[in-house]
Amino acid sequence: ITHAYIKFHADSTAYLPMVREIIPDTPWIFHYRDSETTLAKSTQLKLNSCVLTRRQPSFILAQKALEFNIDLDGMSQEDLCALYLSTLLEVATQEYENSSTGMLIEYEQLLEPSFTTDIVLPHLGLQAEIDADPATVSANVDATLSTKSNTRGVPGKKVQKWNANDEVVHISDQVRAASELFMGNAMQAVKRL
C-alpha cells in the first residue's frame with residue numbers, strides 16, 4: 001500500500017493533536033462551512049450528534065466549559081452545539097498553525113472540482129496519480145463531489161446525486177445568536193489564516 005486515507009468524523013477533530021502525535025508527517029485537511037449553516041445542520045433532528053457531548057464531552061469541550069464556568073446541562077441545544085463546534089474549529093486552527101502538513105479548506109472551495117484536483121489531491125500526495133491519468137482523476141473527483149456523503153454511494157432508494165445549489169438550510173434566530181456567541185471568534189481565526 002502506497003497511500004492510505006482516513007476520513008474522520010467531525011467529532012474526531014477534538015483528537016487531532018493525538019492523531020498528529022502518532023503520524024506527525026501525514027498531510028491532513030480540515031474543511032469547514034460558515035458557522036450558521038454548520039450549526040443549523042448540526043442541530044437538525046436526525047443529525048444532532050453534538051447534543052451527545054453534553055453527557056460525554058471531549059477533553060477540550062470540558063476544559064472550555066470549565067474555563068468559562070458553563071454548565072453543559074443547562075445549555076440550549078443550539079448553544080451546546082455551537083460551543084462544541086467552536087472547540088473543533090479551535091483545535092483544527094491550532095494544529096494548522098503548529099504544523100506544515102495541514103490545510104484548512106472552506107467548504108465552498110471543495111465544490112469546485114479543479115480546486116480538489118489542483119490543490120487538495122497534490123497536498124495529500126497524489127500528484128503522481130494525477131500526472132499519470134488526469135482524465136480518470138478528474139472523473140473520479142466529479143463523481144465523488146456529486147454523490148451525497150450520507151448515502152456512502154450505495155445504490156438504494158435514497159437520492160444519491162447531490163447539488164450544493166439545491167440544498168436549503170433553515171437558519172433560526174436561535175442558531176444565529178448561538179453561532180455569533182460561541183463560534184464567531186473561532187470562525188474569524190480560521191478565516192485569518
Side-chain angles (χ1 to χ4, degrees), residues 5-24 26-99 101-111 148-152 158 162 164 167-193:
Y5 300 92
I6 303 169
K7 181 180 186 277
F8 290 107
H9 188 276
D11 295 343
S12 301
T13 304
Y15 305 99
L16 185 57
M18 186 184 312
V19 172
R20 288 203 53 258
E21 280 182 28
I22 297 167
I23 46 176
T26 301
W28 59 275
I29 63 170
F30 177 84
H31 67 87
Y32 61 92
R33 270 186 147 161
D34 72 274
S35 59
E36 290 180 353
T37 301
T38 302
L39 183 56
K41 288 182 69 77
S42 297
T43 54
Q44 291 175 350
L45 190 58
K46 291 182 180 180
L47 304 174
N48 197 344
S49 65
C50 60
V51 295
L52 301 176
T53 63
R54 187 184 314 270
R55 297 285 180 234
Q56 295 180 324
S58 66
F59 174 76
I60 192 83
L61 177 59
Q63 188 177 22
K64 191 168 187 175
L66 188 61
E67 179 182 342
F68 292 101
N69 196 29
I70 297 172
D71 174 20
L72 297 178
D73 287 329
M75 297 182 84
S76 71
Q77 169 181 288
E78 292 82 7
D79 285 350
L80 175 65
C81 289
L83 179 65
Y84 163 71
L85 291 169
S86 75
T87 64
L88 303 183
L89 280 169
E90 290 166 4
V91 167
T93 301
Q94 183 177 10
E95 287 303 310
Y96 173 79
E97 290 175 326
N98 293 332
S99 80
T101 59
M103 182 180 279
L104 303 176
I105 302 172
E106 206 166 354
Y107 179 78
E108 287 73 24
Q109 291 177 300
L110 285 178
L111 303 178
K148 289 179 73 169
S149 63
N150 65 348
T151 65
R152 295 175 184 82
K158 290 184 179 180
W162 176 75
E167 187 175 47
V168 177
V169 178
H170 173 70
I171 300 173
S172 68
D173 290 340
Q174 293 91 345
V175 163
R176 269 193 190 85
S179 172
E180 180 58 32
L181 179 63
F182 291 107
M183 298 174 72
N185 291 339
M187 286 301 296
Q188 289 174 7
V190 168
K191 290 184 179 193
R192 279 194 301 268
L193 297 175

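Predicted model, so just to flag it, every value in this text is computed and none were measured.
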Does a side-chain heavy-atom distance below 4.5 Å link [X] with [Y]?
| X | Y | result |
| --- | --- | --- |
| V91 | Q94 | no |
| Y84 | M75 | no |
| T37 | Y107 | no |
| W28 | E95 | yes |
| L83 | L72 | yes |
| L104 | Y32 | yes |
| Q77 | Q174 | no |

[X] side, atom [atom1]; [Y] side, atom [atom2] - distance, nearest 0.5 Å:
| X | Y | atom1 | atom2 | answer |
| --- | --- | --- | --- | --- |
| S86 | K64 | OG | NZ | 3.0 Å |
| R54 | L80 | CZ | CG | 4.5 Å |
| I171 | S35 | CD1 | OG | 8.5 Å |
| T53 | L88 | OG1 | CG | 9.0 Å |
| N98 | R20 | CG | CZ | 7.0 Å |
| R33 | M187 | CZ | CE | 11.0 Å |

Minimal non-hydrogen separation, [X] against [Y], with atom names:
| X | Y | answer |
| --- | --- | --- |
| L39 | C81 | CD1-CB, 3.5 Å |
| S42 | L85 | OG-CD1, 3.7 Å |
| A40 | H170 | CB-O, 3.4 Å |
| A178 | D79 | CB-OD1, 3.2 Å |
| I60 | A14 | CG2-CB, 3.9 Å |
| E36 | V175 | O-CG1, 3.5 Å |

(message) For the backbone of R176 and the side chain of S179, can you confirm whether one donor and one acceptor N or O come within less than 3.5 Å of each other?
(response)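 No, the answer is negative, given that no donor and acceptor are paired below the 3.5 Å cut-off.
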(message) Apply side chain to side chain contact (heavy atoms under 4.5 Å, CB included) to residues L16 and F30 and explain how you reach the verdict.
(response) CA-CA 10 Å; L16 185 57; F30 177 84; 5.8 Å; no
Could you check whether atom [atom1] of [X] has more than 12 heavy atoms from other residues, nucleotides or ligands sitting under 6.0 Å from it?
| X | atom1 | answer |
| --- | --- | --- |
| Q63 | CD | yes |
| D173 | CG | no |
| E67 | CD | yes |

